[in-house]
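As the structure is a computational prediction, the values presented were derived from the model and not from experiment. Atoms within each ligand, like the ligands themselves, are counted from 1 in listed order.
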Amino acid sequence: VVNEVVTKRLGHMPILKGDFHLLPMKVQRFVAEKAELMRPRGIYICDGTQHEADEIIDKLVERGMLSPLKAYENNFICRTDPKDVARVESKTWMVTPNKHQTVTHTAEGVEPIMGHWMPPESFGTELDSRFPGCMAGRIMYVVPFSMGPIGGPLSKIGIQLTDSNYVVLCMRIMTRVSPAVWDALGDQDYVRCIHSVGLPRPVRVKVVNHWPCNPERVIIAHRPAEREIWSFGSGYGGNSLLGKKCFALRIASNIARDEGWMAEHMLIMGVTNPEGHERFIVAAFPSACGKTNLAMLEPTVPGWKVRCVGDDIAWMKFGEDGQLYAINPENGFFGVAPGTSHKTNPMAMESFQKNSIFTNVAETVDGEYFWEGLEKEIKDPTVEMINWLGEKWRIGDPGKAAHPNSRFTAPASQCPIIHPDWESPHGVPIDAIIFGGRRPDGVPLVFETFSWLHGIFTGACLKSETTAAAEFTGKSIMHDPMAMRPFMGYNFGQYLQHWIDLSKTPEGHAPRKVPKIYHVNWFRLNKEGKFLWPGYGDNIRVIDWIIRRLDGDDSHALKTPIGYVPTQGSINMEGLPPVNWDELVSVPKEYWQEDAKEVRKFLESQVGIDLPAEIRHELDEQEKRIGAM
Ligand SMILES: O=C(O)CSc1cccnc1C(=O)O
Ligand SMILES: [Mn+2]
C-alpha cells in the first residue's frame with residue numbers, strides 16, 4: 001500500500017534492506033516520519049537472522065569496533081568510549097503532563113529518588129536540539145522485536161529505530177527480532193523506541209575505540225502515555241538496548257498498571273526438591289546484587305535442581321485459575337562480567353562460550369576474555385592482555401582488567417539449565433516472591449513476611465549497599481524500593497496501590513492465590529567484617545526452608561517483629577563450616593528501632609500523601625512490634 005504522505009516523507013531515502021511497502025501502514029508512517037526527522041542515508045529493515053548478524057559483525061570487525069575472541073566459536077569483544085560505560089540515571093527522564101504522574105509528593109525540598117520528571121515542553125526543546133538530522137550519514141536500522149515469545153498472551157511488541165549496529169546485534173540476542181513480529185502486530189499497539197548515538201556525519205570529534213557516542217548530550221526520555229522512548233548519545237546497555245530497562249520496566253510498568261499485571265525487576269527460577277516437586281520463585285534484588293547467580297544456582301545439597309527462566313525482568317499476571325504466572329520477556333542475558341566465574345556461576349560461564357558479545361572486559365593475547373574473578377581459572381596467569389581501556393595489562397598490574405560494569409550478552413537458550421518452559425507463552429506459576437539486598441548489618445539471613453501487605457511494605461523498604469551498575473560509588477546503604485528505584489515508570493505510591501489492588505479477586509473469578517513474600521540477605525558480616533554465610537550454591541539451603549514453608553511446614557519458624565525467621569536446625573547446614581547462627585538470624589532490637597525510624601522518615605519524605613493507607617498501617621504496626629521487643 002502506498003500512501004502519499006509516507007512517500008513524500010521518505011522522499012528518495014534508499015531502502016537498503018527489506019521491502020518498506022510490505023510493512024504495516026502504521027509502521028510505514030512511524031518509520032517515514034522518523035526518517036524525515038533524523039535523515040539517515042538509508043533504511044535497513046532487520047530480519048533478525050544469523051546471516052544478517054554475520055554481515056553486520058563482519059562490517060564492525062572491519063571497522064575495528066568489534067573483534068573476534070579467537071579462543072571461542074563466534075564470540076566477540078568490544079570496548080566503548082570510556083565515557084559511555086553504564087546507565088546514566090541523571091539523564092534518564094519520564095515525560096508526563098503532570099509531575100505527580102511520575103514522582104510522588106515528596107516533602108518540601110526533598111528530591112524524589114524514584115522517577116525523574118521532565119515537563120513535556122522541556123522535552124520538546126531537548127528533542128528539537130538533538131534529533132533533527134542526527135542520523136546524517138548513518139543507516140537507520142528498523143528492529144521489529146517482541147518482549148516475550150512472539151504472539152504470546154503476555155508478550156508485547158516494540159520497534160526500535162537505531163543507527164548503532166552494535167545495538168542491532170545486542171537486541172537480536174536480548175529480544176526476539178523477526179519478521180514474524182510484523183504478522184503478530186495486527187491492530188495491537190507497539191512501543192516506539194527511537195535511538196541514536198547522537199553523532200551525525202561528517203563527524204567533527206575524535207571517536208574513541210570506534211565507539212560513536214555523545215556523552216555530554218545524553219538523554220533517555222520516556223513518554224509512557226504515548227508508549228514512546230527517545231534515547232540519544234549513548235550506545236551502552238540500558239541506555240540503548242531499549243527493550244530492557246526502558247521498555248520492559250519503565251514503559252511496561254505503565255502498561256501493566258493499565259492492564260492489570262506486573263512488570264518487575266526480578267529473576268525467575270524453577271526449584272525442584274529431592275522428592276522431585278518443582279516450584280517457581282521470583283526474586284527482586286537491586287542491580288548487581290546477585291540475581292543472575294541465584295537464577296542459575298548450582299545447589300551444593302544433593303537432590304536439589306535449579307533451572308533458570310530469567311535473570312533480570314519478570315512480567316507477571318494472575319491467570320483465570322487465580323494463580324500468578326510469570327514470563328521472562330527477554331531472550332538473553334546482559335550480565336555483570338566481573339565476579340562471574342566457575343565458582344560463583346558456572347552456568348553463566350557455560351552460557352557464553354559462543355554466539356556472545358563482551359563489552360569492556362579484558363582480552364588475552366590468546367583470544368580469551370578476562371575480568372576480575374577469573375584469576376584462578378585462566379590457563380596462563382602471566383599472559384599478556386589488553387584491558388578495557390585498550391592498554392597492555394597483566395594480572396598484578398595497577399588498574400582493572402575489566403570495567404566494574406562490563407557485561408556479557410549471551411543467548412538465554414545457551415544456558416545449560418535454562419528451563420524447558422522458559423518460553424511458555426502463559427508463563428510459569430509463581431509461589432513465592434523474594435526481596436533481598438546487600439545488608440552487612442542487622443538483617444537476618446531470611447524472613448517470611450506476615451501477609452501480602454506486610455510483604456509489600458517490606459519490599460518498599462528494600463535497602464542495599466551500593467554497587468557498580470549505577471553511577472553511585474562507595475559503600476553506603478541506599479534505598480531501592482522493590483529493587484525498582486532506577487526503573488520506576490510512574491508515581492511510586494500508585495505503584496504500591498497497584499500491588500495492593502492486584503491481590504483483590506475480581507468479581508466472578510477464581511480466588512487469587514497471592515504468593516508468600518520473603519526477604520533474604522546473603523551478605524551479613526560478623527564482628528570481624530567477614531561474611532557469616534557462604535552464599536552461592538549454599539543459598540539452596542535457604543530456598544529449601546522457604547519451600548518447606550510453602551509446603552505448609554510451620555514448625556521451623558520463630559515469630560519476630562519483622563517476620564518469621566528459621567529456628568536453629570531448620571536450615572540444612574550439613575557440610576558447612578560452623579556458622580554463628582545467632583549472628584546470622586538475629587533481629588537486634590536497637591538496630592530495628594533505628595531502622596523503624598529511618599524507614600518512617602524515608603516513606604514520609606519520599607512517598608508522603610501518595611503512600612497507601614494499608615502500607616502506612618504496616619509501618620505503624622511494625623514499629624509497635626519492634627518497640628515492644
Ligand atoms: O545498562 C547498564 O549499563 C547495565 S545495568 C543492567 C544491565 C542488565 C541487567 N540489569 C541492570 C541493572 O542495572 O539492573
Ligand atoms: Mn537489572
Side-chain angles (χ1 to χ4, degrees), residues 78 80-92 114 147 164 166-167 170-171 173-175 195 211 213 215 218 220 229 231 233-250 252-253 263-268 282-296 308 310-315 328-340 345 348 351-352 356-361 371 388 402-410 412 435-438 462 464 466-473 478 480-489:
C78 83
T80 69
D81 179 321
K83 289 191 195 135
D84 190 15
V85 292
R87 287 186 287 108
V88 189
E89 292 182 22
S90 58
K91 298 186 177 169
T92 301
M114 286 169 285
M147 297 308 293
S164 161
Y166 165 87
V167 166
C170 290
M171 284 292 280
I173 296 173
M174 296 305 294
T175 73
H195 169 257
W211 179 272
C213 61
V218 166
I220 299 111
I229 303 156
S231 171
S234 168
Y236 188 81
N239 304 327
S240 65
L241 311 181
L242 299 182
K244 191 180 224 338
K245 301 300 188 179
C246 296
F247 178 166
L249 288 177
R250 297 190 191 99
S253 54
E264 302 297 335
H265 189 206
M266 294 176 174
L267 66 89
I268 310 170
V282 293
F285 302 162
S287 310
C289 281
K291 286 195 295 300
T292 307
N293 288 348
L294 181 59
M296 301 181 190
C308 177
D311 77 328
D312 192 48
I313 296 175
W315 284 1
N328 167 12
E330 299 195 285
N331 195 33
F333 304 121
F334 187 66
V336 180
T340 301
N345 192 335
S351 302
F352 49 67
S356 300
I357 296 175
F358 299 83
T359 310
N360 285 341
V361 299
W371 47 76
W388 75 276
H403 184 276
N405 193 38
S406 55
R407 298 274 166 168
F408 55 82
T409 312
F435 290 113
R438 293 173 186 270
L462 192 61
S464 185
T466 51
T467 59
E471 38 190 347
F472 303 102
T473 52
M478 305 244 336
D480 191 344
M482 316 294 268
M484 282 286 283
R485 180 192 56 75
F487 316 116
M488 201 59 70

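Taking a cut-off of 2.8 Å, the protein N, O or S atoms nearer than that to the Mn ion (ligand 2) are K245 NZ, H265 NE2, D312 OD1.
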Decide side chain to side chain contact (heavy atoms under 4.5 Å, CB included) for I220 and C246; before the verdict, give the C-alpha distance in whole Å, the side-chain angles of both, and the deciding distance to 0.1 Å.
CA-CA 8 Å; I220 299 111; C246 296; 3.7 Å; yes
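Considering backbone and side-chain atoms together, N239 places no N or O closer than 3.5 Å to any N or O of ligand 1. Of the polar atoms of D312, at least one N or O is found under 3.5 Å from an N or O of ligand 1, judged by distance alone. Between K245 and ligand 1, at least one pair of N/O atoms sits closer than 3.5 Å. Where the criterion is an N or O separation shorter than 3.5 Å, residue side chain and backbone included, G238 meets it with respect to ligand 1.
Near F487, the atoms of ligand 1 lying under 4.0 angstrom from a non-hydrogen atom of the residue are 12 (C), 13 (O), 14 (O).
Screening W371, F358, W388 for a ring-ring contact (aromatic ring centres under 6.0 Å, His included) with H403, the sole residue that qualifies is W388.
Note on ring orientation: taking the six-membered ring where Trp is involved, the planes of F247 and W315 are tilted (angle from 30° to 60°).
Heavy atoms of L241 found under 4.0 angstrom from ligand 1: none, in either backbone or side chain.
Under the 3.5 Å distance criterion, the side-chain polar atoms of D312 are left unmatched by any main-chain donor or acceptor of T292. A donor-acceptor pair under 3.5 Å is absent between the side-chain atoms of R87 and the main chain of Y236, judged by distance alone. With hydrogens and angles disregarded, a donor-acceptor distance shorter than 3.5 Å links the side chain of N360 to the backbone of T80. At distances below 3.5 Å, not a single donor-acceptor pair connects side-chain atoms of S231 with backbone N or O atoms of H195.
Every residue two or more places apart in sequence or in another chain that forms a side chain to side chain contact (heavy atoms under 4.5 Å, CB included) with A410 is listed here: F352, S356, F408.
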